Enquirer: 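Take this structure, written in structure tokens, and hold onto it; I'll ask about it next.
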Amino acid sequence: MADDSSVLPIWCDVGKNLNAAYMVVSLGDVTKGRPTYDGNSKQIVQIYSRYLTFDGHEFSTAVDANSEGDRNTVRYPAAFSVIPRTCSGLSICGGNEVQMRLQFEYHTSDSQEGSSKTHLKEELRELRSGCHSVCCRICGSAVLLPEMQFNRVLELPSENWFELSQDWCCHGSSHLTSVAGVLEPSEKDCFVGEYYIKLHPSAVEPGSLQISAGEEHHLIKCCRCNTIIGNVRVESSSPDVLEFSDASSIYLYKHRISLRCSTLFRSYCVETFISSCLISKSQGAVNFRFLVQEPVHNGRRKTHACLWLFNADTAVITNVVPGNFDSLKTAIKTGIYSVRNRAKYLHVLKILYKIEPLLCSSDWDDEVDAWQDNSSVQSVTFTKETCQHLILLLVESTNTIAPSLRDMNGFKVGYLRTLKT
């Protein structure tokens with residue numbers, strides 16, 4: 001259900017490369033597609049460069065600056081403006097959606113790569129200066145030796161650099177194996193990746209972390225709160241490693257750790273962790289399709305979602321905020337959301353997806369088999385909890401999209417926020 005306000009929900013798909021935005025203004029409840037107005041009354045929606053109004057409302061710039069209570073006006077994000085005279089393709093869809101295309105101006109740097117590099121440079125600079133106490137973000141317990149001062153803090157190459165390098169080698173790639181060894185940290189080294197830091201096992205505070213051995217992946221858990229905060233790199237000669245002394249390196253996820261007296265890594269969350277993984281996996285790929293699976297358990301592997309990364313560097317503008325759901329079933333059936341009178345600019349991955357709850361059992365099995373038989377489809381493995389969180393995030397995002405834009409070629413349309421948002 002929508003909130004009690006009379007603010008119109010808007011959705012704007014920003015085409016950065018075309019410098020054009022596809023705007024949808026909903027005149028109804030976007031959950032069920034019901035009009036919220038009297039069909040016999042005239043609805044007036046006026047588009048201005050920095051805001052839109054409806055019902056012939058006169059807008060005051062003083063209200064814009066000082067008030068959040070104007071329910072007849074939707075304001076765009078501060079750095080975003082449209083050019084009303086460029087409006088084209090104006091149409092009514094389903095009796096309760098006004099659709100149009102507009103050129104826009106965005107007055108800040110909007111490079112995904114540039115923003116990611118800025119975050120990384122800040123992390124490298126701070127980790128290189130002074131001593132650091134690294135803690136579990138959930139319970140605050142120290143996970144590394146106190147007041148760690150790293151001798152080397154270096155940036156790691158992209159996640160699939162080895163596979164990409166092999167594609168460029170025409171006379172064998174055996175020399176790449178020796179290069180890979182350079183990327184293993186020594187004591188007091190800290191190597192920084194896109195969504196994790198890589199450390200030598202000797203940096204671990206004794207008794208703070210434990211290794212949870214699996215059939216494929218060995219996860220690191222906080223001893224105090226039992227939260228998964230990373231994984232370990234296991235030597236092939238030690239498949240049943242249970243001690244950090246047997247591991248060659250450890251990976252700590254940025255969204256699961258924090259630094260005392262610092263806000264470093266605070267911008268990371270489960271959503272940005274997943275989006276970073278997908279971006280990393282997609283680099284150099286020819287088919288941006290992924291099977292999201294949980295680790296093998298008792299010889300079986302469960303597939304949770306089929307994802308198609310439709311656009312890895314896009315943005316949406318919307319004043320619709322998804323609700324907090326207790327379960328996936330609630331999210332699918334109710335689609336609770338709220339509407340604000342100021343829209344937000346969100347940097348996102350646009351994703352087409354299929355999930356088991358939206359298909360019957362036999363259709364889902366056939367779909368998964370077809371994707372597994374496709375050699376260009378990549379597998380992405382997350383813990384069961386992360387897989388479930390991903391599905392909930394996608395369904396929540398779909399609920400905030402205009403009804404006419406929620407489906408495409410048999411897929412549901414959703415998005416994941418990136419680190420820039």
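All figures in this text were calculated on a predicted structure; none of them were measured in a lab. Quick note: residue numbers are just sequence positions, from 1. Excluded from the calculations below are hydrogen atoms, water molecules and symmetry mates; all remaining heavy atoms, backbone and side chain alike, are included.
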Enquirer: Is there a side-chain contact between L309 and L352 in this structure, where contact means two heavy atoms from C-beta onward sitting under 4.5 Å apart?
Expert: no
Enquirer: Hey, are the side chains of L145 and S133 touching, using non-hydrogen atoms and a 4.5 Å cut-off?
Expert: no
Enquirer: K198 side chain to L183 main-chain N or O, any donor-acceptor pair under 3.5 Å?
Expert: yes
Enquirer: Taking the side chain from S275 and the backbone from R417, do they hold a donor-acceptor pair closer than 3.5 Å?
Expert: yes
Enquirer: Can you list the steps and then say if L419 with S267 is a side chain to side chain contact (heavy atoms under 4.5 Å, CB included)?
Expert: CA-CA 7 Å; L419 192 58; S267 57; 3.7 Å; yes
Enquirer: For a salt bridge (Lys or Arg N to Asp or Glu O under 4.0 Å) check, start with the C-alpha distance between K302 and E356, then their side-chain angles and the critical distance, and finish with the verdict.
Expert: CA-CA 11 Å; K302 180 177 176 58; E356 186 174 6; 3.3 Å; yes
Enquirer: Using the side chain to side chain contact (heavy atoms under 4.5 Å, CB included) rule, take F104 and I83 through it: C-alpha gap first, then chi angles, then the decisive distance, then the call.
Expert: CA-CA 6 Å; F104 69 90; I83 306 174; over 6 Å; no
Enquirer: Can you check side-chain hydrogen bond (donor to acceptor under 3.5 Å, both in side chains) on S249 and E184, steps first, answer last?
Expert: CA-CA 7 Å; S249 56; E184 290 300 321; 3.0 Å; yes
Enquirer: My understanding is that only residues two or more places apart in sequence, or in another chain, count here; which of them pass ring pair (Phe, Tyr, Trp, His ring centres under 6.0 Å) with F411?
Expert: W308
Enquirer: Apply ring pair (Phe, Tyr, Trp, His ring centres under 6.0 Å) to F265 and list each qualifying residue two or more places apart in sequence or on a separate chain.
Expert: none
Enquirer: Which atoms form the tightest heavy-atom contact between C306 and E367, and what is the distance?
Expert: SG-CG, 4.2 Å
Enquirer: Answer with yes or no whether the side chains of Y415 and T314 bring together a donor and an acceptor at under 3.5 Å.
Expert: no
Enquirer: Give the minimum heavy-atom separation between C136 and V143, together with the two atoms involved.
Expert: N-CG1, 3.7 Å
Enquirer: Quick one: are I47 and T53 in side-chain contact, heavy atoms under 4.5 Å?
Expert: no
Enquirer: Does any part of the side chain of I228, heavy atoms only, come nearer than 4.5 Å to the side chain of R256, both counted from C-beta?
Expert: no
Enquirer: Testing the 3.5 Å rule here: is there a donor-acceptor pair between the side chains of E194 and S276?
Expert: no
Enquirer: Any side-chain to backbone donor/acceptor pair from S49 onto S81? Under 3.5 Å, distance only.
Expert: no
Enquirer: A side-chain contact here means heavy atoms from C-beta on lying under 4.5 Å apart; do V98 and I92 qualify?
Expert: yes
Enquirer: Less than 4.0 Å between a side-chain N and a carboxylate O, is that true for E105 and R50?
Expert: no
Enquirer: Is there a side-chain contact between L27 and E97, using heavy atoms and a 4.5 Å cut-off?
Expert: no
Enquirer: Work out which heavy atom in C225 is nearest to a heavy atom in I138; give both atom names and the distance.
Expert: SG-CB, 4.0 Å
Enquirer: Give me the atom names and distance for the closest heavy-atom approach of N319 to L8.
Expert: ND2-O, 2.9 Å
Enquirer: Hey, what do you get for CD (E396) to CD1 (I401), rounding to the nearest 0.5 Å?
Expert: 12.5 Å
Enquirer: Checking side chain to side chain contact (heavy atoms under 4.5 Å, CB included) for the pair D189/E187: CA distance, chi angles, key distance, verdict?
Expert: CA-CA 5 Å; D189 282 349; E187 292 186 18; over 6 Å; no
Enquirer: Run the side chain to side chain contact (heavy atoms under 4.5 Å, CB included) check on V320 and R340 step by step: do they pass?
Expert: CA-CA 6 Å; V320 182; R340 305 287 187 259; over 6 Å; no
Enquirer: What heavy-atom pair brings F288 and S282 nearest, and what distance separates the two atoms?
Expert: CE2-O, 3.4 Å
Enquirer: Can you give me the closest heavy-atom contact between L199 and L144, atom names plus distance?
Expert: CD1-CD1, 3.5 Å
Enquirer: I need the K344 NZ to T318 OG1 distance, nearest 0.5 Å.
Expert: 11.0 Å
Enquirer: Keeping K254 on the side-chain end and G193 on the backbone end, is there a donor-acceptor pair under 3.5 Å?
Expert: yes
Enquirer: Would you check if L278 and L416 make a side-chain contact, meaning some heavy-atom pair closer than 4.5 Å?
Expert: yes
Enquirer: Could you grab the distance from atom CD of Q210 to atom CG of L219, nearest 0.5 Å is fine?
Expert: 11.0 Å
Enquirer: For D13 and Y22, indicate whether the former's side chain and the latter's backbone hold a donor-acceptor pair under 3.5 Å.
Expert: no
Enquirer: Partners of Y353 by side-chain hydrogen bond (donor to acceptor under 3.5 Å, both in side chains), sequence neighbours excluded?
Expert: T398
Enquirer: With heavy-atom distances below 4.5 Å as the criterion, would you say the side chains of W11 and V316 are in contact?
Expert: yes
Enquirer: How about CZ on R301, more than 12 heavy atoms from neighbouring residues, nucleotides or ligands closer than 6.0 Å, or not?
Expert: yes
Enquirer: Can you measure from NE2 (H304) to CD (Q388) and round to the nearest 0.5 angstrom?
Expert: 6.0 Å
Enquirer: What distance separates T381 OG1 from Q293 CD, expressed to the nearest 0.5 Å?
Expert: 5.5 Å
Enquirer: State which residues pass ring pair (Phe, Tyr, Trp, His ring centres under 6.0 Å) with F290; sequence neighbours excluded, sorted by chain then number.
Expert: none
Enquirer: For residues 357-384, pull every pair meeting ring pair (Phe, Tyr, Trp, His ring centres under 6.0 Å), keeping only residues two or more places apart or in separate chains.
Expert: F273-F382
Enquirer: Strictly distance-based, threshold 3.5 Å: is any side-chain N or O of S129 a donor or acceptor partner for the main-chain N or O of E126?
Expert: yes
Enquirer: Would you find a donor on one side and an acceptor on the other, under 3.5 Å apart, between the side chain of D369 and the backbone of D366?
Expert: no
Enquirer: For Y253 and N231, which I'm curious about, is there any donor-acceptor pair between the side chains at under 3.5 Å?
Expert: yes
Enquirer: Name all residues meeting the side-chain hydrogen bond (donor to acceptor under 3.5 Å, both in side chains) criterion together with Q103; count only those two or more places apart in sequence or in a different chain, and write none if there are none.
Expert: none
Enquirer: Between Y76 and Y345, does a ring-ring contact (aromatic ring centres under 6.0 Å, His included) hold up when you go through it step by step?
Expert: CA-CA 8 Å; Y76 310 140; Y345 190 100; over 10 Å; no
Enquirer: So, R342 side chain and V74 main chain: donor-acceptor pair closer than 3.5 Å or not?
Expert: no
Enquirer: Please report the interatomic distance CD(E123) to NE2(H119), rounded to the nearest 0.5 Å.
Expert: 8.0 Å
Enquirer: So, S258 versus R260: side-chain donor-acceptor pair below 3.5 Å or not?
Expert: no
Enquirer: Using a 6.0 Å cut-off, check whether atom NZ of K354 has over 12 heavy atoms from anything other than its own residue.
Expert: yes
Enquirer: Under a 3.5 Å distance rule, please check whether T418 uses its side chain to pair with a backbone N or O of H347 as donor and acceptor.
Expert: yes
Enquirer: Would you sort out whether E294 and T383 count as a side-chain hydrogen bond (donor to acceptor under 3.5 Å, both in side chains), showing the intermediate values?
Expert: CA-CA 5 Å; E294 63 180 70; T383 63; over 6 Å; no
Enquirer: Sub-3.5 Å donor-acceptor pair from the side chain of R406 to the main-chain atoms of N399, do we have one?
Expert: yes
